[in-house]
Each structure stands twice: as C-alpha cells, then as structure tokens.
Protein chains: 2
Amino acid sequence: MQEPTFLILTALAAQPLHGYGIVQSVIDLSAGEVKLRPGTLYGALDRLADQGLIDVDREEAVEGRLRRYYRLSDDGAAILATEVDRLRKRAETAATQLRQRPGVVPGLSRLAGLHSGLNG
Amino acid sequence: MQEPTFLILTALAAQPLHGYGIVQSVIDLSAGEVKLRPGTLYGALDRLADQGLIDVDREEAVEGRLRRYYRLSDDGAAILATEVDRLRKRAETAATQLRQRPGVVPGLSRLAGLHSGLNG
DNA sequence: CGTCATATATCGGCAACCGAGCTATTGTCG
DNA sequence: CGACAATAGCTCGGTTGCCGATATATGACG
C-alpha cells in the first residue's frame with residue numbers, strides 16, 4: 001500500500017468525511033507533507049470502495065452540490081491496523097540496520113597506535 | 001518511496017551486497033514477507049545509482065560470473081533515515097486515528113439505563 | 001539428464017499516482 | 001463588475017515503479 005492510500009484510510013478512521021474533507025484532513029495529518037491530487041483521491045476512493053475497505057456513509061445535498069461521505073469499514077480498519085504494524089516493523093528494522101552502517105572510523109588510520117594511543 | 005526500494009536501501013545500510021545477496025537479505029529483514037523480483041531489483045538498483053543513493057562498491061569475478069556489490073551512499077543513508085522518521089510518524093498518526101474510530105458502542109441503545117445500569 | 005540454487009539481466013504490461021483541465025457556487029477584494 | 005480564492009466534485013493522459021515471464025550460465029544433487 002502506498003502513502004496516499006494509507007493516509008486516506010487514516011483520515012477516515014476517526015470519522016466519515018467527504019472528498020474535499022479527506023484532502024484537508026490528509027494535509028493536517030501529514031503536517032502539510034502530502035496534498036492529495038484529484039486523480040489520486042477519486043481513483044483511490046473508487047478502488048477502496050471496490051475492495052470493501054471503505055463504504056459510502058451518506059450523501060448530503062448542500063447548496064445544490066452533492067457531498068458524498070465515506071466511512072472506514074471493519075475490513076478497512078483491520079487492513080490499516082496491519083499496515084501500521086508493517087510500517088513500525090520496517091522503520092525499526094531500517095533503524096537497526098543504519099546503526100550497523102560501516103562509517104568512517106577516525107581512529108583506525110596507520111597513525112593510530114602511535115604516541116601510545118588510549119592506553120598510554 | 002515504495003516498500004521494495006525502502007528494503008533495498010535497508011539491506012545495504014549494514015554492509016555492501018550484490019544483487020542476489022540483496023534479495024536474500026530483504027527476505028530476511030521482512031520475515032519472508034517481501035521477495036524481490038528481478039525486474040524490481042535491477043530497475044531499482046539502476047534508478048538508485050542514478051539518484052546517487054547507492055554506489056558500486058566493487059566487482060568480483062566468482063567462477064566466471066560477475067558479482068557487483070552495491071553500497072549505501074551518505075545521501076542514501078540520509079534519505080533512508082528521513083524515511084524511517086516518516087514511517088514512524090505515519091504509523092503513530094494512523095494508530096491515534098484508529099483509537100478514535102467510532103465503533104459499535106453496546107451501552108448506548110435505548111435499552112441502556114433501564115434495569116438501573118452501572119450505578120444501581 | 002533434469003532440476004534446483006546461485007547469479008545477472010531484459011522486456012512487456014499493469015496499477016497507482018500525478019498534473020492539468022473542466023464544471024459550479026459562494027465570498028472577498030479592488 | 002470582474003478577478004480571484006476557497007469549497008466541492010470529476011475526467012483524462014502520462015509517468016513511474018513494480019511484477020512476471022523469459023533468457024543466460026555454472027555447479028551440485030539425484
């Protein structure tokens with residue numbers, strides 16, 4: 001699962017939202033890092049509804065325009081929860097690997113050991 | 001950044017590896033969840049080298065076949081570290097949202113409050 | 001001799017995302 | 001009154017990254 005899709009599910013986890021509300025929520029949840037494009041949003045919404053991860057909650061007519069609210073399904077919540085686990089595992093694994101990274105070790109040149117070193 | 005790319009950088013963080021070694025390492029690091037396909041691996045390797053996130057460490061000839069070892073660059077390590085932060089933030093944000101999820105609240109039907117409830 | 005593991009690489013196709021554009025209303029600023 | 005931003009929805013073409021199949025080659029196992 002990609003980041004935009006993940007954030008759409010995340011936004012819908014707390015309460016049902018309509019398209020534009022999702023865009024606003026994702027900006028908020030990602031601290032401004034992710035701004036969903038229409039193509040991404042509506043494509044993902046159709047796809048997630050097909051997969052049963054989200055459902056249409058209700059449709060409101062506000063000032064002539066239609067507002068379609070989406071809701072996270074139980075399946076969607078379960079998938080999101082496993083995805084959270086996955087991200088945590090990936091992050092911790094990568095952090096561990098980075099700690100083992102062979103870096104420039106300043107004390108190991110041929111000059112090290114001269115002048116009596118640490119145990120002089 | 002997608003998961004396969006992230007795991008390739010993760011694998012290379014600890015030590016330089018050749019293509020097939022990366023595949024093995026990623027299986028290990030992901031607890032068998034991710035098995036890189038050749039198309040994914042070599043496509044990503046070329047792309048990451050173009051972006052300067054990895055470098056060719058050395059080339060060894062073992063039994064007539066070439067083994068090309070890749071190494072994580074400083075830029076690659078920095079990108080991976082920011083990506084770790086990102087994943088952690090996304091995971092915690094989603095977990096928080098999931099905790100706020102409106103679920104079926106069993107005590108709130110019209111029958112609640114009858115039979116004296118909790119404080120009887 | 002066939003098959004599996006090791007090892008590298010290419011190609012076509014697909015799915016998800018991006019960016020631009022379109023429609024429409026309300027409200028603000030000049 | 002016109003321009004613009006914000007709210008609200010949607011379509012379409014293009015790019016990117018990943019997948020799966022395929023090709024090549026060696027050594028080991030049965």
Side-chain angles (χ1 to χ4, degrees), chain A residues 1-12 16-28 30 32-54 56-70 76 79-80 83 86 90, chain B residues 1-12 16-28 30 32-51 53-54 56-71 76 79-80 83 86 90:
Chain A
M1 182 186 299
Q2 259 150 298
E3 198 180 26
T5 300
F6 179 84
L7 284 166
I8 290 171
L9 295 182
T10 298
L12 291 176
L17 291 170
H18 55 101
Y20 197 79
I22 295 172
V23 174
Q24 301 304 313
S25 177
V26 164
I27 290 172
D28 194 50
S30 69
E33 283 170 18
V34 178
K35 185 175 187 313
L36 260 28
R37 313 291 173 211
T40 306
L41 176 68
Y42 295 106
L45 251 21
D46 288 349
R47 182 167 29 94
L48 292 170
D50 280 354
Q51 291 170 176
L53 304 191
I54 62 175
V56 175
D57 187 66
R58 64 187 188 279
E59 285 177 341
E60 281 178 11
V62 178
E63 288 151 8
R65 283 159 299 173
L66 192 69
R67 247 183 236 175
R68 184 151 42 236
Y69 284 77
Y70 292 91
I79 294 280
L80 182 57
E83 204 65 20
R86 195 184 185 87
R90 297 289 176 268
Chain B
M1 182 185 298
Q2 257 147 300
E3 197 181 24
T5 301
F6 179 84
L7 284 166
I8 289 171
L9 295 184
T10 298
L12 291 177
L17 290 169
H18 56 101
Y20 198 79
I22 295 173
V23 174
Q24 302 304 312
S25 177
V26 164
I27 291 173
D28 194 50
S30 69
E33 282 169 20
V34 179
K35 184 175 187 315
L36 260 27
R37 313 289 178 226
T40 305
L41 175 68
Y42 294 105
L45 251 21
D46 287 349
R47 183 167 29 92
L48 292 170
D50 279 354
Q51 292 169 1
L53 305 190
I54 61 174
V56 175
D57 187 65
R58 64 187 188 278
E59 286 178 340
E60 282 177 11
V62 178
E63 286 152 8
R65 282 160 300 174
L66 192 69
R67 247 184 233 174
R68 183 152 40 238
Y69 284 77
Y70 291 91
R71 166 180 17 95
I79 294 280
L80 182 57
E83 204 65 21
R86 195 185 186 88
R90 296 289 176 268

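Naming: A, B, ... by sequence-line order, numbering from 1 per chain. The basis for the numbers below is simple: all heavy atoms, side chains too, and nothing from hydrogens, waters or symmetry mates.
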Take atom [atom1] of [X] and atom [atom2] of [N], then tell me their distance rounded to the nearest Å.
X: Asp46(B); N: dA9(C); atom1: CG; atom2: P; result: 8 Å
X: Leu17(A); N: dT7(D); atom1: CG; atom2: C1'; result: 15 Å
X: Leu41(A); N: dG9(D); atom1: CG; atom2: P; result: 9 Å
X: Ile22(B); N: dT8(C); atom1: CD1; atom2: C1'; result: 12 Å
X: Glu59(B); N: dA9(C); atom1: CD; atom2: C1'; result: 14 Å
X: Ile8(A); N: dC17(C); atom1: CD1; atom2: C1'; result: 10 Å

Could you state the interatomic distance from [atom1] ([X]) to [atom2] ([Y]), rounded to the nearest 0.5 Å?
X: Thr5(B); Y: Arg47(B); atom1: OG1; atom2: CZ; value: 4.0 Å
X: Arg37(A); Y: Tyr42(A); atom1: CZ; atom2: OH; value: 14.0 Å
X: Thr40(A); Y: Lys35(A); atom1: OG1; atom2: NZ; value: 10.5 Å
X: Leu7(A); Y: Gln2(A); atom1: CG; atom2: CD; value: 11.5 Å
X: Leu48(A); Y: Ile79(A); atom1: CG; atom2: CD1; value: 10.0 Å
X: Thr10(A); Y: Leu80(A); atom1: OG1; atom2: CG; value: 4.5 Å

Can you find a heavy atom in the side chain of Met1(B) that is under 4.5 Å from one in the side chain of Leu9(B)? yes
Heteroatom pairs (N/O) under 3.5 angstrom, protein to nucleotides 5-7 of chain C:
{"residue": "dT6(C)", "atom": "OP2", "partner": "Tyr20(B)", "partner atom": "OH", "Å": "2.6"}
{"residue": "dT6(C)", "atom": "O2", "partner": "Arg65(B)", "partner atom": "NH1", "Å": "3.1"}
{"residue": "dA7(C)", "atom": "OP1", "partner": "Arg67(B)", "partner atom": "NE", "Å": "3.3"}
{"residue": "dA7(C)", "atom": "OP1", "partner": "Arg67(B)", "partner atom": "NH2", "Å": "2.5"}

Polar atom pairs between nucleotides 13-19 of chain D and protein, under 3.5 Å, N or O only, would you list them?
{"residue": "dG17(D)", "atom": "O3'", "partner": "Gln2(B)", "partner atom": "OE1", "Å": "3.1"}
{"residue": "dC18(D)", "atom": "OP1", "partner": "Thr5(B)", "partner atom": "OG1", "Å": "3.0"}
{"residue": "dC18(D)", "atom": "OP2", "partner": "Thr5(B)", "partner atom": "OG1", "Å": "3.2"}
{"residue": "dC18(D)", "atom": "OP2", "partner": "Arg47(B)", "partner atom": "NH2", "Å": "2.5"}
{"residue": "dC19(D)", "atom": "OP2", "partner": "Thr40(B)", "partner atom": "OG1", "Å": "2.7"}

Salt bridge (Lys or Arg N to Asp or Glu O under 4.0 Å) between Glu33(B) and Arg90(A): does it pass, once the steps are laid out? CA-CA 11 Å; Glu33(B) 282 169 20; Arg90(A) 297 289 176 268; 2.8 Å; yes
